[in-house]
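Order of the sequence lines fixes the chain letters, A, B, ..., with proteins taken first and strands second; residue numbering starts at 1 for each chain.
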Amino acid sequence: MKEVAANFNAKGLENSVQEHWRTNDTYATVKQHRSSGKPFFFVDGPPYTTGTIHLGTAWNKILKDSILRYHRMNGRHVIDRAGYDMHGLPIEVKVEQALGFKSKKDIEKYGIKKFIGQCREFAIRNKLLMDDQFINLGVWLDFPGAYKTVMPEYIEAAWWTLARAEEKGMLERGHRVVNWCPRCETAIADAEVEYADENDPSVFVKFPLKGRANEFLVIWTTTPWTLPANVAVAVAKDFEYAKVLAIKDDKETLLWIAEPLVKAVLRKGRCKDYAILETKKGADLVGWVYESPLASCVPLQREIAHKVLAADFVALENTGMVHIAPGHGWDDFVLGTKEGLPIVCPVDGAGKFKEEAGCFAGQFVRDSNENVLVALGDHLFAKETVTHRYGHCWRCKTPIIFRATSQWFLKISEMRDLMLKEVEKVIWYPEWAGSARFYDWIKDARDWCISRQRYWGIPIPVWVCPKCDAYRVIGTIAELEERSGKPLADPHRPYVDDITIPCTCGGTMKRVEDIFDVWFDSAVASWATLGFPGKTADFENLWPADFITEGQDQTRGWFYSQLGASTIAFGKAPYKSVCMHGFALDAEGKKMSKSLGNVVTPEEVIAKVGADVLRLYILSSSAPWDDLKFNWEGVGTINRAANILWNVYRFPVPYMILDKFEPANTGGIWDDAYIRAHLKQMPDEDQFIISRINTVAATVDAAIKECQLHRATRELINFILEDLSRWYVQLVRERMWIEGESESKHFAYETIYYVMRRLIGLLAPVCPHITEEIYSNLRCKNDPASVHLLDWNKGEPALMDGSLEQAVGIVRSFDEACANARQTGKRKLRWPVSEVVVVTDSEPVRDAIGRRLNVVCKDRANAKTVRVVMGRWERIGWKAEPIMKALGRGFGKNSFAVKTLIEGADGNLLKAEIGAGRTVKLGEGDAVFDIGDEHVTFAEQLPPEVFSAPMPDATVYVDVQLTPELEAEGYAREVIRRINEMRKQLDLAVEDFIIADAAVADERICALIQGTWRAGIMDEVRARELAIHNTGAAAKTYDMVKDWDVEGVAMTIGIAKVI
RNA sequence: GGGCCCGUAGCAUAGCCCGGUGGUGCGCCCGGCUGAUAACCGGGAGGUCAUGUGUUCGAAUCACAUCGGGCCCA
């Protein structure tokens, strides 16, 4: 054991511990140690390689690390491969920005090979940066061996999964409407659409009915640019539609509008007057035909037979008639497919109109809105602007459009029931994350569009024959090489694009150009991380995962994508339990964002208080699934708690070193045999703290099992602060100061050693650095090399003593009440009191204070005696207090005299008589009055110099009356304290001796101290000589001379070190 | 527009499932302690339990609505 630094320096401590781990490869040792244990298969949700982690990412890994460390200590062989998500649009967009690109054409010009190279480099560089940041948090995952979505064997896992989908008929090549980003020129998944406010036109348009002059259907839209693709109008079968004669600018028009909406629509069209001519059910309108108002300038529109249909999604809003463009809307598309409408989409990938759009050709759709409105001419009935939520591309923030294109889909809608069934089998923390949130999300799941028209991603392994249109899904690299007869250098684009396969029809199959949605990459992580399908042994033994934990945003992300892919590939959920955690918000509960300037980074927290405090703060602040409001004050509080832990650890070390203490051990390995054998002989406070740490261990264990890290950490912090620092250490200090051999001191050493060892074991998963540092100093010579090699201890019932813990609880209440009463009586704790009396009816209070822990009580109260009185304490008297209102009624003008009589009467007598139901005669001669129950109340009257304070089920009375003996001791203690203060100022060592001189101005006090306390003082301050005298100042030869005012008595004290 | 979570003193939280005087920590003020000491301990002040309505003898707790925050969706 070595001396411990006085100041808790988290940063320095963590650096040296990390260095120690590195040089000794402690992580590998720990894994090796558990390698034969029962496997615990954890899958790391791969963070996207953006380069910097934020507080939420840190939280995520801290949670994972703490839970995994717990399982390792419990003997589990933890599969803890880290993962990184390294493909996808976000990286492409970053690289595009760096290269100054504006569109896909720039990439093609630059060369896909070079572009991919840049993306790869960017991802790898960031991955390395992130490794370091995670390691600085003290996270122990396998980072060097991390799975990366760019690895060939990982890509193969995705290919293999798609081949399974094809095998099961779950893969579909479809012409469908998808979310489309016109900047990135690709389809994007529902999961990639972000919603934000956007200003758009809100227009009402008249569609002329065929063969009915001056008669129109009125529709409403916020996307005028979709009108060139209009093919139909939908109505609701059951709505009433009105034919309205509308008068505007003295011109009459016949309009069809849902009847309840007529008034509102016509007001928007600024019609002076109108009349409803007739109404018809929506069903009666079905089959009507109309012409496009854009027919003259859009050639495409001239070929379309526009008609009215019924649809159930039509709502009674706007005009009650919905413009249908199956090429530009999901509902429209579904309806169009059902009704056999032409799916027209005159818009290209960049969001520009094609030739068939006539006068709009070449225009960007969102920019063409105004032109469309102009082209509508008189058919534009009304125009306003609305602000509404509109979808945007998650990466480049461009407003998305809907576009009908040829894409690849996984038929999630057909898997839905199976997925729901699987969700129910998973254990969710908290329960509602699965049963409510995730369940609801899957209930509405649609088919998953997995194809993207981009470059940096896993190529979709589908080869199509241009001759016969047959396609083949390739499941492995080997299969591809075999079928193509060519080696594959790199499974990425553009390398894989060059590989062709001969088709059975004699044609040459070429790969479709698409890559996978990046969410599909991570979806296969649970088997890809095991090397499957390349290697099968681990997969067969371990899969599905025992545990995963991610943020609540992953409900629609990774929890979902994994479940989808796994259900398709294996028909079951890829995880057995899931913990959903919250988000890191700022102190106001707002999202941290660069634009708000409220971002706190893990680095800055670590720089101030270290990773362990950050870990402890995050885990203790809120339940994992609640959002965390980051708060620096909270961090400071936890830092203080860590500092107290450090002080508690440090406090006994110098004494142990002085005494060359070695905890009882067997062959250099520590165990608790000594504690078990001697427990019953040990002082109560030792038994108590031993019991407590075991009780705490049981609580902590139960909490971690349920992912209740907040309960576990709060319990530990509470133990350190309340039980250990504020209670046990205070009691045990004097035993540490005993010089020479002492059983009591030895018990204290063994106890505190035991408690520290148990405590750091419990704390190790959460604070891996501090506990390692403490452990390295405490461990016996053959103990395991690291705290992280220790076995978890979940509390020994044999060492728990519930009744003792209860008794100590009572004594602590007593302790507080004493301090309270002393404060009222203005008697400092340093001054002894003769007696403390506890009055109670409670037997547990009597047993704790009066019997079992009486010695502790005397010590804590600094009292010569502490005794318990059941029922009543005879020194408590009663004081009678007159009730003036009643006296006035009863005695009229004599009231004042009666008041004086009552106040002067013996309260105790009065209470006894009246309490017995009698009246009492007070007064003399003519003035005698009968006093009854209604005239008085009684207040407790304490004896002089006795002060009271309440505690649960009892009242504590402290008698602060001084006797000469008590006074002598009090002053002696004052002198001791001042001499010790001076020793400290002189920076003397604990074992140094001094000579001292005290000149006390008050003759009586001087005599008091001199009389019985000279030897006691000398002993306490380690003085070889001590002169106490009434007059004269201390000689100048002292190292330090100081004037003191002790409770109004002037003293001049001098001390000098004996050399 | 829909789903889920959250809203308790200046700040952070417990209690809510299973209704019965609202605890704790930080900060603040006052006092104590002084061989853990740029630590530590005691006391005090500070609350419309987001708002409103309902159920009930009784609501922070149950129900409904509204407002605010977060995540997810349309």
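Among the protein residues, A:S725 comes within range of the nucleic acid bases, having at least one heavy atom under 4.0 Å from a base atom. A:R812 comes within contact range of no nucleotide atom at all, as no heavy-atom separation falls under 4.0 Å. Note on A:E1020: a base of the nucleic acid sits closer than 4.0 angstrom, heavy atoms only. Residue-level contact check: A:F559 touches neither bases nor backbone, having no heavy atom under 4.0 Å from any strand.
Per the geometry, CD belonging to A:Q730 stands 8 Å off P belonging to B:A36, to the nearest Å. Rounding to whole angstrom units, CG of residue A:L829 and P of B:C40 are separated by 18 Å. The distance from atom CZ of A:R830 to atom C1' of B:G32 is 9 Å, rounded to the nearest whole Å. B:U24 atom P lies 21 Å from atom CZ of A:F719, rounded to whole Å. One atom, CG of A:L628, and another, C1' of B:G69, lie 14 Å apart when rounded to the nearest Å. Between the P atom of B:G25 and the CD1 atom of A:I717 lies a distance of 13 Å, rounded to the nearest Å. Whole-Å rounding puts the A:N718 CG to B:U13 P distance at 18 Å. If you measure from atom CZ of A:R714 to atom C1' of B:C26, you get 14 Å, rounded to the nearest angstrom.
Checking side-chain atoms of A:R615 against main-chain N and O of A:W59 turns up no donor-acceptor pair under 3.5 Å. Looking at A:R735, its side chain does come within 3.5 Å of a backbone N or O of A:S744 through a donor-acceptor pair. Although no hydrogens or angles enter the test, the distance criterion places no donor-acceptor pair under 3.5 Å between the side chain of A:R860 and the main chain of A:F814.
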What verdict does the salt bridge (Lys or Arg N to Asp or Glu O under 4.0 Å) test give for A:D959 and A:R827, after you've listed the backbone C-alpha separation in whole Å, the side-chain angles of each residue and the deciding distance to 0.1 Å?
CA-CA 10 Å; A:D959 185 346; A:R827 181 70 73 232; over 6 Å; no
What do the steps show when you test A:F630 against A:Y617 for ring-ring contact (aromatic ring centres under 6.0 Å, His included), and what is the final call?
CA-CA 9 Å; A:F630 183 88; A:Y617 167 71; 5.5 Å; yes
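Straight-line distance between the P atoms of B:A50 and B:C28: roughly 27 Å, to the nearest whole Å. Taking atom P on both nucleotides, B:G42 is separated from B:G19 by 34 Å, rounded to a whole Å. Between B:A14 and B:C26, the distance separating the two C1' atoms is 15 Å to the nearest Å. Nucleotides B:G46 and B:C29, compared at atom C1', are 11 Å apart to the nearest Å. Separating the C1' atom of B:C11 from that of B:U55 is a span of 35 Å, rounded to the nearest Å. For B:G3 and B:U48, the C1' atoms lie 31 Å apart once the distance is rounded to whole Å. Remark: the separation of the P atoms in B:A59 and B:C49 is 12 Å, to the nearest Å. Across the P atoms, B:G10 and B:G47 are found 7 Å apart, a figure rounded to whole Å.
Using cut-offs of 30° and 60° on the angle between ring planes, the pair A:W831 and A:Y971 is perpendicular. Ring planes of A:W330 and A:F333: parallel class, angle under 30° (limits at 30 and 60°).
Judged by a 6.0 Å distance limit and a 45° cone about the ring axis, A:R692 is not positioned over the six-membered ring of A:W727.
A:D659 and A:Y749 are linked by a side-chain donor-acceptor pair at a separation below 3.5 angstrom, with hydrogens and angles left out of the test. A side-chain donor from one of A:D517 and A:W448 sits under 3.5 Å from a side-chain acceptor of the other. Between the side chains of A:T223 and A:H328, no donor N or O sits under 3.5 Å from an acceptor N or O.
A residue-by-residue look at A:W831 and A:W727 shows that A:W831 has its nearest nucleotide of RNA chain B further toward the 5' end. In terms of position along RNA chain B, the nucleotide closest to A:Y617 lies nearer the 5' end than the nucleotide closest to the other residue of the pair A:Y617 and A:N980.
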Report each atom pair, protein N/O against N/O of nucleotides 3-5 of chain B, whose distance is under 3.5 angstrom.
residue	atom	partner	partner atom	Å
B:G3	O2'	A:D440	OD2	2.5

If you restrict it to nitrogen or oxygen atoms, what contacts under 3.5 Å exist between nucleotides 42-44 of chain B and the protein, and what is each distance?
residue	atom	partner	partner atom	Å
B:G42	N2	A:Q823	NE2	3.0

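Nearest to the side chain of A:K629, among B:C71, B:U13, B:A36, sits B:U13. In the set B:C11, B:G25, B:A36, the nucleotide with an atom closest to the side chain of A:T637 is B:G25. Across B:C40, B:C72, B:A74, the shortest atom-to-atom separation from the side chain of A:R640 is found for B:C40.
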Convert the base pairs of RNA chain B into dot-bracket notation, remembering that pairs crossing earlier ones are written with [ ] and that bases paired across to another strand are shown as |; include only Watson-Crick or G-U pairs under 3.5 Å.
((((((((.[[[[.)....(..]]]].(((((.......))))).....[[[[[..)....]]]]]))))))).
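Remark: A:E969 engages A:K864 in a side-chain hydrogen bond (donor to acceptor under 3.5 Å, both in side chains) (not counting sequence neighbours). Here A:M982 pairs with A:M1040, A:K1042, A:W1044, A:I1053, A:I1055 under the side-chain contact (heavy atoms from CB on, under 4.5 Å) rule; sequence neighbours left out. A:Q552 pairs by the side-chain hydrogen bond (donor to acceptor under 3.5 Å, both in side chains) definition with A:R437, A:D627, not counting sequence neighbours.
Distances shown here put every side-chain N or O of A:R827 at or beyond 4.0 Å from the OP1 or OP2 atom of B:C33. At B:C33, none of the side-chain N or O atoms of A:R977 fall inside 4.0 Å of OP1 or OP2 (strictly under the cut-off).
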